[in-house]
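Reading through the structure tokens given below for one structure.
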Amino acid sequence: MASPLEQFEIKEIFPLEFAGYNISFTNSSLFLAITFVAIVAFMTLGMKNRAIVPGRFQSVVELSYEFIAKMLGDTAGTESRKYFPFIFSLFIFILFANFIGMIPYTFTVTSHIAVTIAMAMFVFLGVTIIAFARHGFKFLTFFVPKGAPWPLLLILVPIEIISYLSRPISLSVRLFANMVAGHTMLKVFGGFVVALGIFGFAPFLFIVALIGLELLVAFLQAYVFAVLTCMYLNDALHMSH
Amino acid sequence: MAKQYNSSSKDLKDRIGKAQQENAPKAARGLKEATAYSKATRLVAELVAGFVLGAVMGIGLDKIFGTAPWMLIIFFILGTAAGILNVMRASKDLVKDLEKFSEAYDNEIIDDDLEEDR
């Protein structure tokens with residue numbers, strides 16, 4: 001039987017090499033492209049009619065917009081409005097990648113840490129640049145806890161810096177680990193269905209429940225990624241823990 | 001007299017709260033459990049990220065300066081502390097969310113109370 005981890009393998013579709021680097025078009029690239037096309041189709045087709053009273057499809061698009069706009073305003077304040085396009089793109093991209101991965105025979109791009117850490121590092125670097133651009137070197141006081149006696153600062157400042165540097169790791173590992181764990185579990189129980197023959201209905205029922213849970217996790221992880229990005233943005237804009 | 005009224009209104013509030021909980025839609029309860037799951041994964045990731053970063057920084061600095069294993073020991077301890085600090089901060093946010101939620105819930109019950117009085 002196939003290994004439950006086989007679904008995460010990267011396969012080359014069109015082998016390509018450029019300046020010594022392997023830049024082949026892989027199944028991961030294919031599904032990144034599919035995710036992108038799906039998002040563009042979702043947005044443009046949804047807003048095609050631009051009705052004042054939205055239809056069903058348009059409502060979904062508008063609801064997703066309002067959902068993120070409200071979340072951004074609640075967590076990072078009104079000044080964060082200009083970063084809305086980025087947060088929204090991030091959320092929709094992760095959401096679509098996760099949901100497309102739930103379709104059988106597809107590939108989940110967010111199950112690779114290379115993809116998630118690229119997004120997390122982008123967020124981390126962007127937020128740090130925003131913080132320095134806004135507060136200048138005063139931002140460094142973010143790493144100095146208020147009211148601590150100076151001998152303790154020798155320990156506390158490194159801890160604060162490591163805590164800040166660990167943000168992209170926790171952000172990327174969370175998304176990647178959730179996707180890998182969920183899809184592996186589905187595959188393992190799928191194997192049980194085949195192996196148990198007629199008694200396979202028991203794990204089959206479990207899979208039905210598990211798929212429901214995985215759909216929720218797919219949404220929640222996209223949401224958590226977006227919320228945490230907003231919280232980091234809030235720290236950068238207002239320098240508060 | 002006033003005290004008696006208060007106690008009976010509290011009693012009513014408790015009963016309404018209980019009834020509302022029993023009649024709460026199942027889907028909402030499921031969603032609450034799912035967000036609990038997302039909170040749990042969030043806390044775990046914060047903790048582990050601190051450990052991992054501390055260990056990686058320690059090993060890297062040891063390789064650069066050839067001071068094995070001292071940097072690893074120091075940075076792993078600092079990383080552990082950072083991980084725990086992250087979890088404390090994250091859980092503080094979660095408690096804040098919870099308080100906001102229960103406050104809104106209480107207000108809702110009081111509003112219902114007033115409506116019934118009228």
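Throughout, a chain's letter reflects where its sequence line sits, starting with A, and its residues are numbered from 1.
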**Asked** Does Leu85(B) reach the side chain of Ile159(A), with side-chain heavy atoms less than 4.5 Å apart?
**Response** yes
**Item:** Minimum side-chain heavy-atom gap Gln221(A)-Thr41(B) below 4.5 Å
**Value:** yes
Please report the shortest heavy-atom distance between [X] and [Y], naming the atom on each side.
| X | Y | value |
| --- | --- | --- |
| Leu53(B) | Ser166(A) | CD2-N, 3.5 Å |
| Ala82(B) | Ser163(A) | CB-N, 3.6 Å |
| Ser170(A) | Ala45(B) | CB-O, 3.5 Å |

Take a 6.0 Å sphere around [atom1] of [X] and say whether it holds more than 12 heavy atoms from other residues, nucleotides or ligands.
| X | atom1 | answer |
| --- | --- | --- |
| Phe204(A) | CZ | no |
| Phe132(A) | CZ | yes |
| Phe67(A) | CZ | yes |
| Met88(B) | CE | no |

**Trace of the side chain to side chain contact (heavy atoms under 4.5 Å, CB included) decision for Leu78(B) with Ile155(A)** = CA-CA 8 Å; Leu78(B) 289 177; Ile155(A) 309 171; 4.1 Å; yes
**Request:** Heavy atoms only, distances under 4.5 angstrom: which of Leu228(A), Val217(A), Leu171(A), Val224(A) has the most pairs with chain B? Name it, please.
**Result:** Leu228(A)
**Asked** How long is the gap from CZ on Arg174(A) to CD on Glu46(B), to the nearest 0.5 Å?
**Response** 5.5 Å
**Asked** Between CG of Asn178(A) and CZ of Arg42(B), what distance do you get to the nearest 0.5 Å?
**Response** 13.5 Å
